[in-house]
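Have a look at this one before I ask anything.
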Amino acid sequence: MLEAKQMKRKRKVFLVLLIAFVILITGGCSQKVKSDQITQLDRVETTEKKGTSAKKLEKINQIPDDGIITAAQMDTISGEDGQFQFSGKDQDKGITYVWTYEGKRIKNPVDQNLKVEFSDAKIEEVKKAGGNAPYGLAITLQKMNLAAPAALGLTLNEKWDADNAVLCKYVDGEARKVCDVVVGSVSGVGDKALTNLAFNVLEVGDTYYILAGKSKEDNEENKGAEEKTKNNGNNNQQSHEVDNSPTGNNQNDSEQAAETQSGQSSHTCTISIECSTILNNWDDLNEAKADFVPSDGWILYTSEVEYSPGETVYDVLYRVCKDTSIQMSAKYTPAYGSYYVEGINQLYEFDCGELSGWMYSVNGWFPNYGCSQYEVSDGDIIEWRYTCDLGRDVGDQYYE
C-alpha cells in the first residue's frame, strides 16, 4: 500500500510540472502486482534497478565501505555457473571475512549488505551460557533479504585451540544454537597464528555468537589405542570410532556395492508439510476449515522422496501431494514466471488471518523467489509451512 501511495504522489507532481516524465510513470505502473500478500508470502518480488546496467561482478570481489552490493550488480551473476566471493575486513579486530554465493541460486537479485561487525559484547555471559566455552566471538550480520543461500568464512588473528564450534543466539539468558561452524586448519603468518571458521548463513539481521572448544580427547592413551587398531587391521572399527558425528556422510560398504552393481544412483530429497501455527491462532481460523487441521499440525511428516534432475520444489510438492491424495491448489503467475501455491489440504491463504498463507524453505533458507524456480539438489530438506504472520512465526527472518 505504501508503494502505491508513493507512486500516485509522483504522478501528480509530474502532471503539474507538465514535463516528459509520463514515460517513467507508465513504466512504474507496469510493475504493479495483483496482491501484496501474494508477493510477501511467496517471497517473489521485483527489483527496481536504478540507472543503467552494472559492471559484471568478478569471481572475487571487494566489499565496499558501506557493505552494499546492489541488486543490479547481483543481477550480473544471477543464474551463472560457479561461486562468487565478496571479501571484507574488520579493521578494529583485524578479522577478514569472505561471503560466497552460488550464481545459479540467485533468481531474484536484491541488494545485499555484506558488512560484518565483530565485538566482545556480552561474550563472557554467552560463553558461560554455552557450557563455559573457552572461545567466543560476537558477530553482527546486517538485516537484508538473502538473494541466495550464502557461506561466510572468517580468518581470526589468533589461535583457537578448538575442533568444535557453533553459531548461536543469546535469548533470555540461553545460548540457542543456530548452526554448526566448521573450524578449519590453523595456519601461521610469521609468528602470528590464524584460525579459520566457516558456516552457512541462513538468517541475518541480528547479533550472533560463535562459541568454540575441544570436543575430542587428544592424549597419548587414545593415540595408542588408535595405533593398536591400525596394527590389528580393523579399519572398519577404527573408522566408526574416529567419525562419531551424528551427521557424518559415511556410507555402508554394502550400500556402495549395491549401487555399483545396479549402475544407477537415485536422487533423493526430503519434504514435509505442516500447519502447526494455526493451532496457536485458532480463533482466527475460518470455522469451515477446522476439520482440515491435523491435531498435531502435520499434514505430511518428513518423507524421503526421489526426484529427477532438473525438477523444482514445485514439481516435488505436486507429485507428493498427488501420490498421497493431499489436495493442492496453485496458480501460475506469468509476471514472475513461477507457480504460487494458494492452498494445501484445503487450507488457503487468508484462512487464518490476513497475513496467513503457505511458505517454503530449503535447507533452512526461505528463497525470495517462487517454488517452481528452485531446482532441487541431492539431500535438500524441503519444508512447507503455513504462516499466520507473514513468515515471522515459521522462522523467516526477513520481512517488511
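Nothing fancy with the numbering, it's 1 onward along the sequence.
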Do S338 and Y369 get their side chains close enough for a donor-acceptor pair, meaning under 3.5 Å? no

Would E125 and K128 pass as an ion pair if we require N to O under 4.0 Å? no

Report the distance from atom CG of L156 to atom CG of N196, rounding to the nearest 0.5 Å. 8.0 Å

In this structure, would V171 and L211 fall into the same cluster of hydrophobic residues linked by side-chain contacts under 4.5 Å? no

Kindly indicate, with the supporting measurements, whether the criterion salt bridge (Lys or Arg N to Asp or Glu O under 4.0 Å) is fulfilled by E102 and K104. CA-CA 6 Å; E102 287 188 26; K104 281 191 172 181; over 6 Å; no

Is F86 close to I69 at the side-chain level, that is, under 4.5 Å between some pair of heavy atoms? yes

Give the C-alpha distance, both sets of side-chain angles, the deciding distance and a yes or no for salt bridge (Lys or Arg N to Asp or Glu O under 4.0 Å) between K169 and D206. CA-CA 8 Å; K169 296 177 73 172; D206 207 340; 3.4 Å; yes

Tell me whether F118 shares a hydrophobic cluster with L197, the cluster being built from Ile, Leu, Val, Met, Phe, Trp, Tyr side chains joined at under 4.5 Å. yes

Report yes or no: do I95 and L141 belong to one cluster of Ile/Leu/Val/Met/Phe/Trp/Tyr joined by side chain heavy-atom distances under 4.5 Å? yes

Do we see a donor-acceptor contact under 3.5 Å between the side chains of S308 and R319? no

Evaluate the criterion side chain to side chain contact (heavy atoms under 4.5 Å, CB included) for residue pair I273 and L317; output intermediate values, then yes/no. CA-CA 9 Å; I273 307 171; L317 174 68; 3.9 Å; yes

Any luck finding a side-chain donor-acceptor pair between Y208 and E203 under 3.5 Å? yes

Apply the test salt bridge (Lys or Arg N to Asp or Glu O under 4.0 Å) to residues R385 and D393: give CA-CA distance (whole Å), side-chain angles for both, the deciding distance (0.1 Å), then the verdict. CA-CA 10 Å; R385 306 187 68 184; D393 51 357; over 6 Å; no

Quick one about S372 and T312 (side-chain donor to acceptor, distance below 3.5 Å, no hydrogens or angles considered), yes or no? no

Show the nearest heavy-atom pair for residues V316 and C269, with the distance to one decimal. CG1-SG, 4.2 Å

Less than 4.5 Å apart, any side-chain heavy atom of Y209 and any of K122? yes

Y301 and D296 side chains, donor-acceptor separation under 3.5 Å: yes

Side chains of T207 and T140, donor plus acceptor under 3.5 Å: yes

Hydrophobic clusters here meaning ILVMFWY residues chained together by side-chain heavy-atom distances under 4.5 Å, can you tell me if V126 and W160 are in one? no

C275 vs V293 side-chain heavy atoms within contact, under 4.5 Å: yes

So which heavy atom on V341 is nearest to which on W358, and how close? O-CB, 4.3 Å

Can you name the closest pair of heavy atoms from G82 and K59 and give their distance? CA-NZ, 3.6 Å

When you look at Y332 and Y339, which way does the ring-ring contact (aromatic ring centres under 6.0 Å, His included) test go after all the steps? CA-CA 4 Å; Y332 185 77; Y339 277 94; 5.2 Å; yes

Given Y360, which of Y314, Y340, F366, W384 fulfils the ring pair (Phe, Tyr, Trp, His ring centres under 6.0 Å) condition? W384

Could you go through the side chain to side chain contact (heavy atoms under 4.5 Å, CB included) check for L152 and Y97 one step at a time? CA-CA 7 Å; L152 182 59; Y97 55 93; 4.2 Å; yes

Donor-acceptor pair, distance only, cut-off 3.5 Å: does the side chain of D284 make one with the backbone of C352? no

Side chains of Y348 and N286: is there a donor and an acceptor less than 3.5 Å apart? no

Between T302 and I271, does a side chain to side chain contact (heavy atoms under 4.5 Å, CB included) hold up when you go through it step by step? CA-CA 5 Å; T302 301; I271 184 172; over 6 Å; no

Check: Y307 side chain, D378 main-chain N or O, donor-acceptor pair, under 3.5 Å: yes

Within 6.0 Å of CG in D291, more than 12 heavy atoms from elsewhere: no

Considering all heavy atoms, the nearest S356-G353 contact: OG-O, 2.7 Å

Within the distance-only criterion (no hydrogens, no angle test), does the side chain of Q327 pair as donor or acceptor with the backbone N or O of N345 below 3.5 angstrom? yes

Side chain of N157, backbone of G94: donor and acceptor closer than 3.5 Å? yes

Donor-acceptor pair, distance only, cut-off 3.5 Å: does the side chain of N363 make one with the backbone of D380? no

Looking at every heavy atom in both E117 and D90, which two are closest together, and how far apart are they? CA-OD2, 4.3 Å

For residues L114 and V98: do they belong to one hydrophobic cluster (side chain heavy atoms under 4.5 Å, members Ile, Leu, Val, Met, Phe, Trp, Tyr)? no

After noting the C-alpha distance and the side-chain angles of I68 and Q112, does the key distance pass the side chain to side chain contact (heavy atoms under 4.5 Å, CB included) rule? CA-CA 6 Å; I68 302 296; Q112 300 293 275; over 6 Å; no

